[in-house]
K.L.:
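Below is the structure I would like to discuss, written out as C-alpha cells.
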Amino acid sequence: MKALFSLFAVLLVMLVGYIGADVANLQYLFGIIIPYAALLLFVGGFIYRITQWASSPVPFRIPTTCGQEQSLPWIKQNKIDNPSTKFGVFLRMVLEVLFFRSLFRNIKTELRVDENGPKIGYGSNKWLWLFGLIFHWSLLIILLRHLRLFLEPIPFFVSVLDSADSFLQIGLPQLYITDILFVCAITYLFLRRIVVPQVKYISMAADYFPLFMLMGIGGTGMLMRYFLRVDIVSVKELALGLITFNPHIPAGISGVFYIHLFLICVLFIYFPLSKLMHMGGIFLSPTRNMANNNRMVRHINPWNYPVKVHTYEEYEDEFREKMIKAGIPVEKE
C-alpha cells in the first residue's frame, strides 16, 4: 500500500507536467519559473540542513569503529577502521564516500530451524553494496554527461566521458552503458524493498517515493533518447538560457521533455526534506569524521559549566531537626 501510494504520487506529478506544458501550453511556467524555484529551494534547503547539522554540538568523541585502536606499541592498529590521526580519518571518509566501505561488510541475519532447533545464522550480503555502488556511480556519470547541455563549448572531460560510456556502439543512437546499469540498480533497490520481508516491514512511503521519482526521470530520459526523439538543439538552447539567466522557450520541444524536467524539479524540491540528504550529511557524521584518540588526548566536555551544588553537610544543617524528629540518622547531633 505504501509503495502504491508513492507510485500514484509520481504518476500524478508526471500527469501534471504533461497537462501543464503540453495541454495548457504553460511552457514558460514549467520550463523557466518552476526550474528556477526548484533550484532556489534545493540550494536553500541544502544549506539550511547542513547549517543545522554543523551547528549541533558534539561534546564527546563517538567514532564508530570495528578495528583495533592505537594502544600499546606491540599491538597493531587498524589505521583506517580506527584512525587516530586526521589523515586516517580522511582516508576512511574517502573510502566511505567513494566506495561505501562500511556497506561492503554488510551481513544478513536469519533465524533458521533445523533438527537441533532454532539458531541464528549470519551470512555475507554483498549485493546491496554492489548495486548501491553501481547506482550512485552511474547516476554521477549521467549527471556529468548532462553538462554538455549547459556548457558551451563542451568541456573535454565531458566528451571523453561520453565516448567512454558509449564505447560499445550498439545501435543508433549509441547505447550508454550507465543507462543500462542505472536501470538494473534502481530495479534491484526497489525489488529489495518489496521482496525482503525485513526491509519491506520498515519501508515507508518516503522510501519508495524517491525510487519511483528516479525511475520516472530515468525512464523519460531514455524514452527521449532511444524512442521519442526530441530536438536536442532546442533543449540545449533552453538549458543555456537558464544557466546564463537569459531564459526563453524555444519552439519544437515535446511534452515528454517537460515531464522529465518537472520530475527533476520535484525531486530537487523534495531532496532537502528527505533521506537523500545523506549525500551531505555523511561528511558531518560524528561517528565517521572523528579520530579515535581518546587514549592520547583528554577531551573536555564543553558543556561542563560551573554548577552550584548543595552538599550533604549543607542539606543536613538545613533539615537536621526535622530529620531527628523523623528518626533519620544524622552525622551531627
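Basis for what follows: all heavy atoms, side chains included, without hydrogens, waters or symmetry-related copies. Note that the coordinates shown come from a computational prediction; the quantities given were computed from them, not determined experimentally. We number each residue from 1, following the sequence as shown.
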K.L.:
Give the minimum heavy-atom separation between His278 and Lys275, together with the two atoms involved.
P.N.:
ND1-O, 2.7 Å
K.L.:
Between Ile264 and Ile269, is there a shared hydrophobic cluster once you connect ILVMFWY residues whose side-chain heavy atoms come closer than 4.5 Å?
P.N.:
no
K.L.:
Measuring from Glu316:CD to Thr311:OG1, what's the distance to the nearest 0.5 Å?
P.N.:
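With rounding to 0.5 Å, CD (Glu316) is 10.0 Å from OG1 (Thr311).
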K.L.:
Would you say Lys236's side chain and Arg148's backbone share a donor-acceptor pair under 3.5 angstrom?
P.N.:
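At least one qualifying donor-acceptor pair exists.
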K.L.:
Look at the side chain of Arg61 and the backbone N and O of Ala291, then say whether any donor-acceptor pair between them is shorter than 3.5 Å.
P.N.:
yes
K.L.:
Measuring from atom CG of Leu91 to atom CD1 of Ile80, what distance do you get when rounded to the nearest 0.5 angstrom?
P.N.:
5.5 Å
K.L.:
Are side-chain heavy atoms of Phe283 and Val97 found at a separation under 4.5 Å?
P.N.:
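Heavy-atom side-chain distance check passes, below 4.5 Å.
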K.L.:
Is the side chain of Asn106 donor-acceptor paired with the backbone N or O of Trp129 at a distance under 3.5 Å, no angle test?
P.N.:
no
K.L.:
The test is side chain to side chain contact (heavy atoms under 4.5 Å, CB included); show your working for Phe157 and Leu147 and say whether it passes.
P.N.:
CA-CA 10 Å; Phe157 77 93; Leu147 289 178; 3.9 Å; yes
K.L.:
Which value, rounded to the nearest 0.5 Å, describes the distance between Ile249 atom CD1 and Ser234 atom OG?
P.N.:
10.5 Å
K.L.:
Please confirm whether the ring centroid of Phe212 lies under 6.0 Å from the ring centroid of Phe190.
P.N.:
yes
K.L.:
Is there a path of hydrophobic side-chain contacts, each under 4.5 Å between heavy atoms of I/L/V/M/F/W/Y residues, joining Met213 to Leu12?
P.N.:
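As far as the 4.5 Å side-chain criterion goes, Met213 and Leu12 are connected within one cluster.
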K.L.:
Could you label the plane-to-plane angle of the Phe30 and Phe262 rings as parallel, tilted or perpendicular, counting under 30° as parallel and over 60° as perpendicular?
P.N.:
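The rings of Phe30 and Phe262 stand perpendicular, inter-plane angle above 60°.
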K.L.:
Ser56 side chain to Gln52 main-chain N or O, any donor-acceptor pair under 3.5 Å?
P.N.:
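Present.
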K.L.:
Out of curiosity, does Ile62 fall in the hydrophobic cluster containing Leu284 (side-chain heavy atoms, cut-off under 4.5 Å, transitive links)?
P.N.:
no
K.L.:
Considering non-hydrogen atoms only, spot the tightest contact between His248 and Pro250 and give its length.
P.N.:
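Smallest heavy-atom distance, with atoms named: O-CD, 3.2 Å.
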K.L.:
Quick one: are Val158 and Leu144 in side-chain contact, heavy atoms under 4.5 Å?
P.N.:
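Sidechains of Leu144 and Val158: no contact.
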K.L.:
Is the CZ atom of Arg288 crowded by more than 12 outside heavy atoms at less than 6.0 Å?
P.N.:
yes
K.L.:
Quick one: does Tyr176's side chain get under 4.5 Å of Ile142's, heavy atoms only?
P.N.:
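Counting from C-beta outward, Tyr176 and Ile142 never come under 4.5 Å.
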K.L.:
Quick check: closest heavy atoms across Leu211 and Ile186, and the distance to 0.1 Å?
P.N.:
CD2-CD1, 3.5 Å
K.L.:
Which distance, rounded to the nearest 0.5 Å, do you find between the CG of Leu15 and the CZ of Phe8?
P.N.:
13.0 Å
K.L.:
Minimum heavy-atom separation for Val309 to Glu314, with atom names?
P.N.:
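Heavy atoms only, the tightest pair is O-OE1, 3.8 Å.
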K.L.:
Testing the basics here: between Gln70 and Ser84, what is the closest heavy-atom pair and its distance to 0.1 Å?
P.N.:
OE1-OG, 2.7 Å
K.L.:
Considering non-hydrogen atoms only, spot the tightest contact between Ala185 and Ile134 and give its length.
P.N.:
CB-CG2, 4.0 Å
K.L.:
Taking the side chain as every heavy atom from C-beta outward, state whether Leu133 and Phe100 have any atom pair closer than 4.5 Å.
P.N.:
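The answer is yes; the side chains approach within 4.5 Å.
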K.L.:
Dump the intermediate steps for side chain to side chain contact (heavy atoms under 4.5 Å, CB included) on Val330 and Phe319, then the final yes or no.
P.N.:
CA-CA 10 Å; Val330 296; Phe319 298 101; over 6 Å; no
K.L.:
As an exercise, state the distance from CZ of Arg193 to NZ of Lys200, rounded to the nearest 0.5 Å.
P.N.:
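One gets 13.0 Å once the value is rounded to the nearest 0.5 Å.
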K.L.:
Looking at side-chain heavy atoms only, is the closest gap between Leu261 and Pro35 below 4.5 Å?
P.N.:
yes
K.L.:
Check the surroundings of atom NZ in Lys126: do more than 12 heavy atoms from other residues, nucleotides or ligands lie under 6.0 Å from it?
P.N.:
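Above 12, so yes.
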K.L.:
When you look at Lys79 and Phe87, which way does the side chain to side chain contact (heavy atoms under 4.5 Å, CB included) test go after all the steps?
P.N.:
CA-CA 9 Å; Lys79 296 184 178 181; Phe87 181 70; over 6 Å; no
K.L.:
Drop me the distance from Arg49's CZ to Ile47's CD1, to the nearest 0.5 angstrom.
P.N.:
13.5 Å
K.L.:
For atom OH of Tyr312, decide whether the heavy atoms of other residues, nucleotides or ligands shown that lie under 6.0 angstrom number more than 12.
P.N.:
yes
K.L.:
Are any non-hydrogen side-chain atoms of Leu276 and Leu267 less than 4.5 angstrom apart?
P.N.:
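Yes; the side chains approach each other to less than 4.5 Å.
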K.L.:
Assess whether side chain to side chain contact (heavy atoms under 4.5 Å, CB included) is satisfied between Tyr258 and Ile253, documenting all intermediate values.
P.N.:
CA-CA 8 Å; Tyr258 287 104; Ile253 301 180; 3.9 Å; yes
K.L.:
For residues Ile217 and His260, determine if any side-chain heavy atom of one lies less than 4.5 Å from a side-chain heavy atom of the other.
P.N.:
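Yes, at least one pair of side-chain atoms sits under 4.5 Å.
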K.L.:
So does Thr65 get a backbone contact from the side chain of Asp81, meaning a donor-acceptor N/O pair under 3.5 Å?
P.N.:
no
K.L.:
So does Met323 have more than 12 non-hydrogen atoms from other groups sitting under 6.0 Å from CE?
P.N.:
yes
K.L.:
May I ask you to decide if the ring planes of Phe131 and Tyr188 are parallel, tilted or perpendicular, using 30° and 60° as cut-offs?
P.N.:
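It falls in the parallel class, under 30°.
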K.L.:
Just by modelled atom types, is the Ala205 backbone N or O under 3.5 Å from a matching donor or acceptor in the Ser6 side chain?
P.N.:
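Pair found, side chain donor or acceptor close to backbone of Ala205.
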K.L.:
Answer yes or no: does atom CZ of Phe156 have more than 12 heavy-atom neighbours from other residues, nucleotides or ligands under 6.0 Å?
P.N.:
no
K.L.:
Would you confirm whether Gln68, through its side chain, and Asn78, through its main-chain N or O, come within 3.5 Å as a donor-acceptor pair?
P.N.:
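No: the side chain of Gln68 does not pair with the backbone of Asn78.
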K.L.:
Should we say atom NZ of Lys2 is surrounded by more than 12 heavy atoms from elsewhere, each under 6.0 Å from it?
P.N.:
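Yes, enclosed.
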K.L.:
Are Tyr48 and Ile282 co-members of a hydrophobic cluster defined by side-chain heavy atoms under 4.5 Å apart?
P.N.:
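They do not share one cluster, since no chain of ILVMFWY contacts under 4.5 Å joins Ile282 to Tyr48.
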K.L.:
Count I, L, V, M, F, W, Y as connected when their side-chain heavy atoms are under 4.5 Å apart, and connections chain through other members. Are Leu143 and Met224 then in the same cluster?
P.N.:
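Same hydrophobic cluster.
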K.L.:
Indicate yes or no: at least one non-hydrogen side-chain atom of Tyr226 is less than 4.5 angstrom from one of Asp179.
P.N.:
yes
K.L.:
Give a yes or no answer on whether the side chain of Trp137 reaches the backbone of Phe99 with a donor-acceptor pair at less than 3.5 Å.
P.N.:
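Such a contact is absent between Trp137 side chain and Phe99 backbone.
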